[in-house]
Undergrad: 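Please see the structure below; I have some questions.
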Amino acid sequence: MTTVRVPAGWPATEEEARAVQDELRRRVVLDEPGPAPGTGHVTGVDVAYDDERDVVAAAAVVLDAATLDVVAESTAVGRISFPYVPGLLAFRELPTVLAALDALPCPPGLVVCDGYGLAHPRRFGLASHLGVLTGLPTIGVAKNPFTFTYDAPATPRGSATPLLSGAEQVGSALRTQDGVKPVFVSVGHRTTLPTARAHVLTLTPKYRLPETTRHADTLCRRALKEATAPRPEPAARAAADPTVREP
DNA sequence: GCGACAG
DNA sequence: ATCTTGTCGC
């Protein structure tokens with residue numbers, strides 16, 4: 001586990017954060033097919049908070065895309081860098097997520113984020129932001145439609161309908177299990193929407209949410225719990241480990 | 001002006 | 001996101 005501070009120059013106000021988005025959005029790459037689903041590595045990232053103690057924990061879990069086996073994982077903890085503001089989620093989550101990705105022992109491949117990419121008020125959600133900062137292909141998978149609209153996909157797993165911002169398609173509502181509420185998929189960086197949907201279907205053989213996010217969710221919650229766990233008394237620590245001498 | 005609003 | 005155990009159902 002690594003520890004993170006809020007990066008120097010990180011936006012302090014909503015106005016600054018929106019200006020950063022308007023600047024960085026121009027660097028999103030949308031004309032690459034991206035990694036083929038079922039090959040190489042796929043990495044899930046997620047974050048858990050303790051607002052009371054001002055602690056945030058992030059996890060990155062790398063899966064073998066063909067077998068969905070976990071091949072590597074890492075965590076990072078830090079201080080909360082921004083309040084939750086719809087449309088500015090990246091400024092709250094990214095510093096710790098970047099630290100967790102940096103701590104991985106292998107290349108992450110495609111990164112699957114909790115939330116949105118292009119489906120965003122300024123077309124620059126968390127997944128796109130992470131992609132631009134790291135250069136990695138990214139997609140967003142959200143559990144709610146945010147401010148967007150959609151028609152219910154047909155019942156079978158794999159059915160999809162457009163996720164709309166007015167008349168503009170910003171993503172897909174994708175049914176990942178028969179008759180279960182869809183997830184909301186959007187492109188982050190360096191891939192396409194059909195490819196993003198194919199990745200999500202590959203990652204959901206059994207549950208509604210991708211295996212990547214399920215693993216990352218479990219791991220970041222555990223990391224948060226450990227980071228906020230009460231410290232053992234010095235005497236108890238000395239008793240538990242006689243090789244430790246307290247100054 | 002009011003309400004809604006990824007995690 | 002988070003508060004939170006057992007429980008009803010396939």
Side-chain angles (χ1 to χ4, degrees), chain A residues 11 14 17-18 20-21 24-25 28 44-61 75-98 100 111-132 138-150 155 157 163-166 168-174 176-189 193 196 200 206-210 212-229:
Chain A
E14 297 184 21
R18 289 191 195 95
V20 169
Q21 291 181 330
L24 291 183
R25 61 185 291 187
V28 175
V45 293
D46 195 17
V47 171
Y49 301 95
D50 186 334
D51 284 278
E52 193 83 347
R53 304 185 193 195
D54 187 31
V55 176
V56 52
V61 180
T75 61
V77 299
R79 312 291 286 231
I80 295 175
S81 53
F82 210 84
Y84 172 65
V85 180
L88 301 178
L89 182 61
F91 298 95
R92 182 168 169 83
E93 304 213 331
L94 284 191
T96 323
V97 167
L98 289 168
V111 180
V112 180
C113 299
D114 257 29
Y116 281 115
L118 293 184
H120 178 272
R122 286 166 294 284
R123 305 295 177 267
F124 195 69
L126 169 66
S128 298
H129 202 145
L130 180 63
V132 164
T138 62
I139 67 174
V141 181
K143 298 180 279 300
N144 303 296
F146 200 11
T147 62
F148 306 107
T149 60
Y150 69 102
T155 301
R157 159 178 156 86
L163 184 66
L164 300 172
S165 175
E168 178 186 1
Q169 181 171 6
V170 293
S172 296
L174 175 65
T176 57
Q177 299 299 329
D178 293 354
V180 169
K181 175 180 174 170
V183 298
F184 303 91
V185 180
S186 59
V187 166
H189 184 59
L193 188 54
V200 173
K206 187 169 169 58
Y207 300 103
R208 175 186 177 229
L209 297 179
T212 40
T213 47
R214 288 166 44 77
H215 280 108
D217 180 76
T218 300
L219 183 55
C220 71
R221 289 192 203 216
R222 190 196 317 154
L224 180 66
K225 213 164 209 178
E226 288 168 5
T228 58

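Note on naming: letters A, B, ... go to the chains in the order of the sequence lines (proteins, then strands), and numbering restarts at 1 for each one. These figures come from a predicted structure and were not determined experimentally.
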Undergrad: At 4.0 Å (heavy atoms only), tell me whether A:Asp50 reaches a base, stays on the sugar-phosphate, or touches nothing.
TA: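 No contact at all - A:Asp50 keeps every heavy atom at 4.0 Å or more from the nucleic acid.
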Undergrad: What residues form a ring pair (Phe, Tyr, Trp, His ring centres under 6.0 Å) with A:His120, not counting sequence neighbours?
TA: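 Residues passing ring pair (Phe, Tyr, Trp, His ring centres under 6.0 Å) with A:His120: none at all.
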Undergrad: Can you tell me how far C1' of C:dT2 sits from CD of A:Glu93, to the nearest Å?
TA: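 To the nearest whole Å, that distance equals 14 Å.
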Undergrad: Has A:Gln21 got a side-chain atom pairing as donor or acceptor with A:Gly87's backbone, closer than 3.5 angstrom?
TA: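 Yes; at least one donor-acceptor contact below 3.5 Å.
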Undergrad: Without swapping roles, check the side chain of A:Thr96 against the backbone of A:Ala76 for a donor-acceptor pair under 3.5 Å.
TA: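 It does not hold such a pair.
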Undergrad: Within the structure shown, what part of the strands sits under 4.0 Å from A:Ile80 by heavy-atom distance: base, sugar-phosphate, or nothing?
TA: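 Result for A:Ile80 = nothing.
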Undergrad: Once you round to the nearest 0.5 Å, how far does CG of A:Leu219 lie from CZ of A:Arg221?
TA: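 It is 12.0 Å, given to the nearest 0.5 Å.
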Undergrad: Between atom OH of A:Tyr116 and atom CZ of A:Arg123, what is the distance when rounded to the nearest 0.5 Å?
TA: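 The CZ atom of A:Arg123 is 11.5 Å from OH of A:Tyr116, to the nearest 0.5 Å.
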Undergrad: Just to be sure I understand: a Watson-Crick pair is purine N1 to pyrimidine N3 plus N6-O4 or O6-N4, both under 3.5 Å. Using that and G-U wobbles, which stems of three or more pairs involve DNA chain B?
TA: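 Runs of three or more consecutive pairs: none qualify.
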Undergrad: If you restrict it to nitrogen or oxygen atoms, what contacts under 3.5 Å exist between nucleotides 4-6 of chain C and the protein, and what is each distance?
TA:
none

Undergrad: Starting at OH of A:Tyr84 and ending at P of C:dT2, how long is that distance when rounded to a whole Å?
TA: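 Rounding to the nearest Å, OH of A:Tyr84 and P of C:dT2 are 13 Å apart.
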Undergrad: Atom NZ of A:Lys225 to atom P of C:dT2: distance rounded to whole Å?
TA: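 After rounding, the reported distance stands at 11 Å.
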Undergrad: Just how far is it from atom CZ of A:Arg122 to atom OG of A:Ser128, taken to the nearest 0.5 Å?
TA: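 So the CZ of A:Arg122 and the OG of A:Ser128 are separated by 12.5 Å.
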Undergrad: Tell me the stems DNA chain C sits in, counting at least three consecutive Watson-Crick or G-U wobble pairs, each under 3.5 Å on both distances.
TA: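 Stems for DNA chain C, defined as runs of 3 or more consecutive pairs: none.
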Undergrad: Could you measure the distance from the OG atom of A:Ser186 to the CZ atom of A:Phe148? Nearest 0.5 Å is fine.
TA: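 Reported value, rounded in 0.5 Å steps: 8.0 Å.
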Undergrad: Any chance you could measure A:Tyr49, atom OH, to A:Leu224, atom CG, to the nearest 0.5 Å?
TA: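 Taking OH in A:Tyr49 and CG in A:Leu224, the distance rounds to 10.5 Å.
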Undergrad: Please check this pair: side chain of A:Arg208 against backbone of A:Lys143, looking for a donor-acceptor N/O pair closer than 3.5 Å.
TA: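 Yes; at least one donor-acceptor contact below 3.5 Å.
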Undergrad: What is the separation between atom CD on A:Glu52 and atom C1' on C:dA1, rounded to the nearest whole Å?
TA: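 Interatomic distance, CD of A:Glu52 to C1' of C:dA1: 14 Å.
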Undergrad: Determine the contact category for A:Gly87: base if any of its heavy atoms lies under 4.0 Å from a base atom, sugar-phosphate if only primed atoms, P, OP1 or OP2 are that close, otherwise nothing.
TA: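 The residue A:Gly87 makes base contact.
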Undergrad: Report the distance from atom CD1 of A:Ile80 to atom CD of A:Glu52, rounding to the nearest 0.5 Å.
TA: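 Rounded to the nearest 0.5 Å, the CD1-CD separation comes to 10.0 Å.
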Undergrad: Take atom NZ in A:Lys181; do more than 12 heavy atoms of anything else shown fall under 6.0 Å from it?
TA: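 Above 12, so yes.
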Undergrad: For residues 75-86 of chain A, pull every pair meeting salt bridge (charged side-chain N to carboxylate O under 4.0 Å, His left out), keeping only residues two or more places apart or in separate chains.
TA: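 As it turns out, the salt bridge (charged side-chain N to carboxylate O under 4.0 Å, His left out) pairs with a partner in residues 75-86 of chain A, which skip direct neighbours, are A:Asp54-A:Arg79.
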Undergrad: If you look at every strand shown and take non-hydrogen atoms under 4.0 Å, does A:Ala119 touch a base, only sugar-phosphate, or nothing?
TA: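 The answer is nothing, as A:Ala119 stays clear of every strand by at least 4.0 Å.
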Undergrad: Where do A:Phe82 and A:Phe91 come nearest, in terms of heavy atoms and distance?
TA: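 Taking every non-hydrogen atom into account, CB-O, 3.3 Å.
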Undergrad: Pick base, sugar-phosphate or nothing for A:Tyr49, based on heavy-atom distances below 4.0 Å to the nucleic acid.
TA: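 Sugar-phosphate, backbone atoms only, no base.
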Undergrad: What is the first contacted nucleotide of DNA chain B and what is the last, in 5' to 3' order, if contact means an atom lying under 4.0 angstrom from a heavy atom of chain A?
TA: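 Terminal contacting nucleotides, 5' to 3': B:dC5 to B:dG7.
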Undergrad: Once you round it to whole Å, what is the distance between P of C:dA1 and CG of A:Leu88?
TA: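 Taking atom P of C:dA1 as the reference, CG of A:Leu88 is at 18 Å.
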Undergrad: Check the distance between C:dT2's P and A:Asp54's CG and give it to me in whole angstrom.
TA: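 Going from CG in A:Asp54 over to P in C:dT2 covers 15 Å.
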Undergrad: Is A:Arg18 salt-bridged to A:Glu14, cutoff N-O under 4.0 Å?
TA: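 Result for this pair is yes, salt bridge flagged.
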